[in-house]
Amino acid sequence: MRCLAIVLACLVWAVPAAAQTLAENNARLFDEIAEARGVSPAQLDRIRAIFAASPVLGQGNPAITRHAMTRAECNARAGGNALAAHVNRRFERICGAKFMAPLYDPATQRPEDATACIDQFEYPNIPCAHPVVWVKAREAALICAAEGKRLCDAHEWEGACQGALTPPDYRFDLARGLSASAAVNRMRAAHNAKHEGTARWSYGPAFQTGTCAQNSEKSPTCPGGGWKNCGSNTYPAGSFAGCASPLKVYDLNGNAAEHMNLPLAPDQMASAGSTTLGVTEMKGSWFIWDKYRAHPDWCRWRAPYWHGDRVMSPRSHENYHLGFRCCKTSGQTPGSQEF
């Protein structure tokens, strides 16, 4: 009887609880965005419309996703209340929004000198919420704009990770007259050669396992990609206190890779007010990185033209381990921005 009980217990454990629908999960997500960050009803209406236009946008396919950690476990790591643990009134005064970090260079500036801020957590930018994935770059830009924010430029994400926002160093001269693919390849080669000698990760100067949200598993049915086959087996945002940059930005390594705007000309810089934007770049790494490091993921490393397209193209890439976070220019109004 004891052996039978053990077998039955294992069977019960192996059968997942009834999955909620994507629409039900997203409805709860919208309520939480309003409650945790104070996003307005008008802004939420725009966000709902963006989600409603996609059959996959959300925190993963609930029928197959097996998150690597529960929200309760994440909250326990934060002393029982992750929202309260991450309140930073100084940052709120500087950025004009909850859970954002100022972008600046500590060698010469104070946080109050920042001209831009970045979400501390992957969207929905709520401590212990699982990241939104299956998002196109265009959708990410529109969601950020709906909140009065914008998609980050590549150098801003890199500065948040490295621990110092330095002046943009895009080699636009190397892009003139070239296709997007050729321009990215030439620009990234120059950029990576310049920064490889000072490579670091968000948490320190050498790659570490066990530090970030990257010891999860791919679904057994996921050799490549696909909504029906690949679970977004992520961790709650901010689960690993040690996976934070010197500027207090979390999960830049691990959990979900992130969409970013890579400008190929000066008039494509989101940080300079562009809404046409440049091409897509996927930054960072994702939730299996402790087991499978598919490419470099140090802070200032720029990727090849993978799944490349214009950020605002309806065909921009989406997948089960790709999310985003938003930036905000200082003085930017809290209302929705128009594209």
Side-chain angles (χ1 to χ4, degrees), residues 36 59 67-88 90-91 95 98-107 111 117-133 152 156-165 195 198-217 232-258 260 282-301 321-325:
Q59 291 161 302
H67 291 301
M69 183 185 294
T70 67
R71 296 192 65 170
E73 290 170 321
C74 178
N75 270 296
R77 289 185 171 203
N81 188 335
L83 289 177
H86 288 285
V87 168
N88 189 317
R90 184 183 186 188
F91 283 6
C95 298
K98 288 184 176 180
F99 308 128
M100 297 198 81
L103 291 173
Y104 65 103
D105 184 353
C117 293
I118 189 169
D119 287 348
Q120 290 183 280
F121 307 94
E122 294 159 328
Y123 198 85
N125 192 31
I126 298 170
C128 287
H130 291 98
V132 165
V133 290
C152 304
E156 295 179 300
W157 189 99
E158 293 163 7
C161 183
Q162 189 85 8
L165 180 67
H195 292 288
T198 56
R200 63 161 282 145
W201 285 256
S202 58
Y203 47 79
F207 177 80
Q208 299 174 12
T209 59
T211 298
C212 289
Q214 52 193 39
N215 196 35
S216 187
E217 305 277 351
S232 300
N233 301 332
T234 53
Y235 295 77
S239 301
F240 292 80
C243 192
S245 79
L247 297 187
K248 294 182 170 53
V249 186
Y250 292 81
D251 299 321
L252 293 155
N253 297 105
N255 220 17
E258 301 178 25
M260 216 56 49
M282 292 173 281
K283 305 290 275 185
S285 50
W286 49 292
F287 55 75
I288 64 167
W289 226 244
D290 279 358
K291 301 180 178 75
Y292 178 66
R293 297 176 65 191
H295 57 75
D297 69 331
W298 42 274
C299 290
R300 296 198 194 276
W301 185 77
H321 59 78
L322 180 57
F324 71 104
R325 71 181 78 215

Hey, could you give me the [atom1]/[atom2] distance between [X] and [Y], rounded to the nearest 0.5 Å?
X	Y	atom1	atom2	result
R293	F207	CZ	CZ	4.0 Å
E258	F324	CD	CZ	9.5 Å
K291	T209	NZ	OG1	10.0 Å
W298	S202	CH2	OG	14.5 Å
H321	S216	NE2	OG	12.0 Å
L103	C95	CG	SG	8.0 Å

Without swapping roles, check the side chain of [X] against the backbone of [Y] for a donor-acceptor pair under 3.5 Å.
X	Y	value
K98	V87	no
N125	F99	yes
D297	N253	no
D105	A164	no
N233	E217	yes

Show the nearest heavy-atom pair for residues [X] and [Y], with the distance to one decimal.
X	Y	result
S245	L252	CB-CD1, 4.1 Å
N255	P131	ND2-CG, 3.4 Å
Q59	H130	NE2-O, 2.9 Å
A244	A241	CB-O, 3.9 Å
L83	P127	CD2-CD, 3.7 Å
V249	A160	CG2-CB, 4.2 Å

Is the shortest side-chain heavy-atom distance between [X] and [Y] below 4.5 Å?
X	Y	result
P102	L165	no
V133	E122	no
E158	M260	no
R77	M69	yes
L247	P106	yes
I118	R325	yes

Query - Aromatic ring pairing F240/Y235, orientation class (parallel under 30°, perpendicular over 60°, tilted between) - result: perpendicular

Query raised in the report: What is the ring orientation for W289 with W286, classed by angle as parallel under 30°, tilted 30 to 60°, or perpendicular over 60°?
Result: tilted

Query raised in the report: Without hydrogens or angle criteria, can the side chains of H67 and T234 be said to hold a donor-acceptor pair below 3.5 Å?
Result: yes

Requested in this report: Dump the intermediate steps for side chain to side chain contact (heavy atoms under 4.5 Å, CB included) on Q208 and W201, then the final yes or no.
Outcome: CA-CA 9 Å; Q208 299 174 12; W201 285 256; over 6 Å; no

Requested in this report: Quick one: list whatever passes salt bridge (charged side-chain N to carboxylate O under 4.0 Å, His left out) with D251, sequence neighbours left out.
Outcome: none

Report task. List for me each residue that meets ring pair (Phe, Tyr, Trp, His ring centres under 6.0 Å) alongside Y250, sequence neighbours excluded, and say none if there are none. Result -> H86, F121

